[in-house]
There are 2 protein chains.
Amino acid sequence: MAEALSERISKGTLKPGERLPTEAELCEEFEVSRTVVREAVARLGSEGLLVSHQGRGMFVSERQPTRKFELDADNLSTLPETISVLELRLGVEVEAAALCATRRTAADASKIRDLMEKLDSLSADPKNVDVHYDFSFHLEIARATNNEHIFRFLSFLKPFIVPRFQLSQLVSSEYKDKYYQRIHCEHEEIVVAIEQQDPERARTAMRSHLLNALERLRALSNAAGLSDTTNIDASMLESFFKP
Amino acid sequence: MAEALSERISKGTLKPGERLPTEAELCEEFEVSRTVVREAVARLGSEGLLVSHQGRGMFVSERQPTRKFELDADNLSTLPETISVLELRLGVEVEAAALCATRRTAADASKIRDLMEKLDSLSADPKNVDVHYDFSFHLEIARATNNEHIFRFLSFLKPFIVPRFQLSQLVSSEYKDKYYQRIHCEHEEIVVAIEQQDPERARTAMRSHLLNALERLRALSNAAGLSDTTNIDASMLESFFKP
DNA sequence: TTGACTAATTTGTATGACATCATATGCATA
DNA sequence: TATGCATATGATGTCATACAAATTAGTCAA
């Protein structure tokens, strides 16, 4: 029922702005009660396919509902999928860093540096979860691009990246220090480039920062032939975090 | 009503997998009829927030519904918005070109060249709409990255870019030739880089290709102070297409 | 303890009535 | 004729009740 109506709309039998048959007519046509018709209409309405006005009738939405981009969280437990999302993220963030360097205000720059230093101080304590703060650092850069779409897209990507990326948690504290130290250097380079408003340098810095993470994952994926991040144990990881 | 329930779910008062109050209880609580409750539930159900089983009850969905990234097509008539989307696109496509150069198969490469040549032959005829073919060229590169998310994201972006970008339509045929010639050179450079499997070169080529479009739009926006693409006329544009 | 049958609970569907809003109709008046 | 108002009509929104269908809990007997 709902499917049949939905199909008519998407196939263009019912055109945008056009009025639908009345509930009574739909009842006759599909030989169901008004209850069912209204449930179906409610579904389509909540999907934005049609709107109904009391007293006037039901109409196909003028502008087709905003198409959406979605990622299925289920598939993302596999390592290749995680890599894929990271590749997508990388493109956006590299450009974001460059735009940020160009457009940042003084306040933006200092806030970004503050976030980095906050992150540094937190990573000193080994039991802190760092990744959220790491991502907030990246998000702040995105915000400073003054491009709302870039910021929103990265915010959208966040839950698909953050919870998968606890790799550092698995590494022993010996290598962890080295790891954090390297992260810090990479962040520092990004921050300096932004402070100096050097887009090309920011681009390069952000690229190598994310590429490092990406390459570690790719190497991990190739070497171990793993398909699921849940199977990774610490011993496998450590070799990749060695200096 | 629907909002209240939705809020409870998203705020975690009702946890994934948990059972909701029965319809009768919700009727009492909100002091509405069962009809209203069922309409609200239908909305939430179609959004994937909950599922209901006849005879068992209604339950909050185990996995919260996939978060979605959406662009509002309404805002995109303004030039700054168009630029914003193009900036987002640029980051993804530059990375896509590099990945494509690395991973392309022989079949991918020849298909991409074919598309370019098809586009060239079409642009010889001034009344052809070129932009769809232009975008299909870009999409084919994205497909060859073998990264489904990148391909899907660019496909998602397509309708927000294609219809806004009929700039070439407004330019007189004199400059149009020059314009197409330049486009061709840029495309050629991308294709060669992909054929030679040179990711760095592909990155550079794609960047300058998109940057040209972007810079033209930015200049246009700054110079004319226009906020709406519908107000652009040919005379304004031509100066930006001059060689 | 196991098995089947029964009863109770819950959602799905049907039906009829009324409320509410928008539009069309008709009539009276300027 | 044209305008304005009251009314009628038709549409969706809400309510109440009854029954159908499916699941679960409980009872009772072998």
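Convention: sequence-line order gives letters A, B, ...; per-chain numbering from 1. Everything numeric in this text was worked out from a predicted model, so none of it was measured.
- Within residues 48-60 of chain B, the residues that have a heavy atom under 4.0 Å from DNA chain C are, in order of number, B:Ser52, B:His53, B:Gln54, B:Gly55, B:Gly57, B:Met58.
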Going through the checks in order, is the side-chain contact (heavy atoms from CB on, under 4.5 Å) test met by B:Phe153 and B:Asn147? CA-CA 10 Å; B:Phe153 184 63; B:Asn147 181 325; over 6 Å; no

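- Between A:Gly17 and A:Phe59, the shortest heavy-atom contact is O-CD2, 3.7 Å.
- A:Arg104 is linked by a side chain to side chain contact (heavy atoms under 4.5 Å, CB included) to A:Cys100, A:Asp108, A:Ala109, A:Ile194, A:Gln197, counting only residues two or more places apart in sequence or in another chain.
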Side-chain donor-acceptor distances from residues 47-54 of chain B under 3.5 Å, at least two apart:
none

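- Residue pairs that meet the salt bridge (charged side-chain N to carboxylate O under 4.0 Å, His left out) test with at least one member in residues 142-154 of chain A, sequence neighbours left out, are A:Glu140-A:Arg143.
- Listed by chain and residue number, nothing satisfies the side chain to side chain contact (heavy atoms under 4.5 Å, CB included) test with A:Asn146 (two or more places apart in sequence, or in another chain).
- Contact check for A:Met206 versus A:His138: side-chain heavy atoms found under the 4.5 Å cut-off.
- With sequence neighbours left out, B:Glu87 forms a salt bridge (Lys or Arg N to Asp or Glu O under 4.0 Å) with A:Arg103, B:Arg218.
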Each nucleotide N or O in nucleotides 4-9 of chain D that has a protein N or O under 3.5 Å away: list the pair and distance.
none

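- Of all heavy-atom pairs between A:Leu71 and A:Leu157, the closest is CD1-CD1, 3.9 Å.
- DNA chain D lies under 4.0 Å from no heavy atom of any residue of residues 14-30 of chain B.
- Annotation: salt bridge (Lys or Arg N to Asp or Glu O under 4.0 Å) contacts of B:Arg56 (sequence neighbours excluded): none.
- The stretch residues 34-45 of chain B touches DNA chain D through B:Arg34, B:Thr35, B:Val36, each having a heavy atom within less than 4.0 Å of the strand.
- Partners of B:Arg8 according to the salt bridge (Lys or Arg N to Asp or Glu O under 4.0 Å) rule, which considers only residues two or more places apart in sequence or in another chain, are B:Glu29.
- The salt bridge (Lys or Arg N to Asp or Glu O under 4.0 Å) check on A:Arg19 picks up nothing, with sequence neighbours excluded.
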